[in-house]
Amino acid sequence: MTEGESNQSLPEPLPEHLLEAVLLVSATPINSPDLSSATGLSTQEMQAGLVVLAERYAPETSGIVLRNVAGGYQLSTNPSCSAAVERFRAEARPAPLSGAAHEVMACALYLGPLTRGAVSRVRGVNSDAVVRSLIERHLLAEVGTDHDAPGSPALLGVTDEFLAATGTSSVDDFPSIGSLVTQEELARVRDRLASGTVPPDAGSEPA
Amino acid sequence: MTFEPAGRSLSDFTVELEVYSGPYEWLLALILKDELEIFEVPLRELVGSYLGSREQGAAGGLERDTDFAGSAAALILLKSRTLSPALDVEADGGEEESLSPEELVERLTEYLKIRRAAERLREILAFNAGHYPSAHTLPPRPGRLRIKPDRVTLAARQTFSRLVEPPVRHLGPITVTLQELAGMIRVALARGPVSYETLTRDMDRLNRAVTFAAALSLAQEGRLTLAQTEPLGPLTLRPST
């Protein structure tokens, strides 16, 4: 029996089979239109198939999980299995980012798109080196140009890789920046400033 | 972190940091070669570790301490320069801006929010670490268009760049139009065939060129025919019949 004859004898694939196959060979999240185009499924068929896959690849029951990140769907390994994956690939997990890097990403996420100069102004220190490092890691990207500023500097924003790394589908999935600081905490900052005491964690850079 | 009192100076001093693990001298080399960002290196931890691991009274201890102090001071200077805010060159001479108390409160408040957002981001990233997507990469397909980002950038730059205006200073002012000379040709042809040389006898080079262009234009419209019996020979303009 040839391979062609073997394929002819197979039953018609179900929607979840088509979705599963396409997602398996993609290293990046696939958005719904692309997924629909590749599989030839209607929106309803695709949604039904994704529900089946979400159950099949639930973190509690599988070493592979279905993620809805960066505006698309992606199959990836279950984090509970990451140690085995890292041993097999003989590579350590990337070193965690510095506090400075997290602050720069927070600027781009909540205040962006913004220029390098704006990031430095918010943080009070030159952030160009941190920005360069994050661009090399594909977590930040130049997404436009500030034509109103002298020299038309580039505007920085977060990338799809950033969204995938944070497990979010879009920037709207993050809590509002206002909800991260309580009014009491802000009042304490004002009081300390009024009394001439520098807040213990405002404007500090690890030495 | 270990400190073995053998060999010269700091060659046996190894460090264990979150961002780097290995000989101290290699750490310095990586920083100087820009392969490791200085802002990622916790200098306080580095100095503390050195002090904690040095042996009192060891041979060459003073030389090691001196070398370490010198290199650590250089790292502090380098890091401070890296983190120093870039000066904003303003029209008033680049003087440092002075903030009112209200503006200072506003800036600190904004920074505090970013600080909290960064802490939250660290938690989110740590929670989502360990997801490894498919390692499958698509092989290039024969005949399939491959888009190279650098070539796209170059093409976009060429497309959207303003072309350099050619210099026109050597050109004199335009004193005649195609329509004027076409009218002059039509008047001449009313009396019968006329040679190009006769038409342009008293003209300068510009007028001769425009007259030729006007003749070609009229010929294209079918108002006259051009006759030249031999290459570079006399050119005769005849009214169309």
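Protein chains get the first letters and strands the later ones, always in sequence-line order, with residue 1 at the start of each. Here the structure is a predicted model, which means the values were calculated and not measured.
Among the candidates A:Ala101, A:Ser26, A:Pro150, A:Ser76, the residue making the largest number of heavy-atom pairs closer than 4.5 Å to chain B is A:Ser76. Between chain A and the residues B:Val47, B:Leu125, B:Thr109, the largest count of heavy-atom pairs under 4.5 Å involves B:Leu125. Counting heavy-atom pairs closer than 4.5 Å to chain B, the top residue among A:Ala129, A:Cys107, A:Ser179 is A:Ala129.
Heavy-atom distances place no part of A:Pro29 under 4.5 Å from chain B, backbone and side chain included. For B:Ala126, no part lies under 4.5 angstrom from a heavy atom of chain A. With a 4.5 angstrom heavy-atom cutoff, A:Val85 touches chain B only via side-chain atoms. At a 4.5 Å heavy-atom cutoff, the contact between A:Val65 and chain B is made by side-chain atoms alone. Only the side chain of A:Arg89 comes within contact range of chain B, with heavy atoms under 4.5 Å apart.
In this structure, the side chains of B:Arg116 and A:Glu185 come closer than 4.5 Å at one or more pairs of heavy atoms. Counting heavy atoms from C-beta on, the side chains of B:Lys113 and A:Tyr110 never come closer than 4.5 Å. The closest side-chain heavy-atom distance from B:Tyr111 to A:Glu103 is below 4.5 Å. With contacts defined as side-chain heavy-atom distances shorter than 4.5 Å, the pair A:Arg121/B:Arg107 qualifies. Using a 4.5 Å cut-off on side-chain heavy atoms (C-beta onward), B:Ile114 and A:Leu111 make contact.
Pairing each heavy atom of B:Ala118 with each of A:Ala106, the nearest pair is N-CB, 3.9 Å. Summarising the geometry of A:Leu97 relative to B:Arg122, their closest heavy-atom pair is O-NH1, 3.8 Å, with the distance given to 0.1 Å. Summarising the geometry of B:Leu121 relative to A:Phe162, their closest heavy-atom pair is CD1-CZ, 3.7 Å, with the distance given to 0.1 Å. Minimum heavy-atom separation, B:Asn128 to A:Gly167: OD1-CA, 3.4 Å. Shown here for B:Ser134 and A:Ala27, the closest heavy-atom pair between the two residues is O-CB, 3.3 Å.
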request  = Output, in order, the C-alpha distance, side-chain angles, deciding distance and verdict of side-chain contact (heavy atoms from CB on, under 4.5 Å) for A:Asn78 and B:His131.
outcome  = CA-CA 6 Å; A:Asn78 191 326; B:His131 284 103; over 6 Å; no
task = Evaluate side-chain contact (heavy atoms from CB on, under 4.5 Å) for A:Phe174 paired with B:Ile124, printing each intermediate quantity in order.
result = CA-CA 10 Å; A:Phe174 288 88; B:Ile124 294 173; 3.9 Å; yes
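The environment of CZ in B:Phe212 is sparse: at most 12 heavy-atom neighbours from other residues, nucleotides or ligands sit within 6.0 Å. Heavy atoms from other residues, nucleotides or ligands lying under 6.0 Å from CD of A:Gln47 number more than 12. The 12-atom threshold is not exceeded at CD of B:Gln220, counting heavy atoms of other residues, nucleotides or ligands nearer than 6.0 Å. Heavy atoms of other residues, nucleotides or ligands lying less than 6.0 angstrom from CD of B:Glu123 number more than 12.
Within the model, atoms CG of A:Leu180 and CZ of B:Arg115 stand 14.0 Å from one another, a figure rounded to the nearest 0.5 Å.
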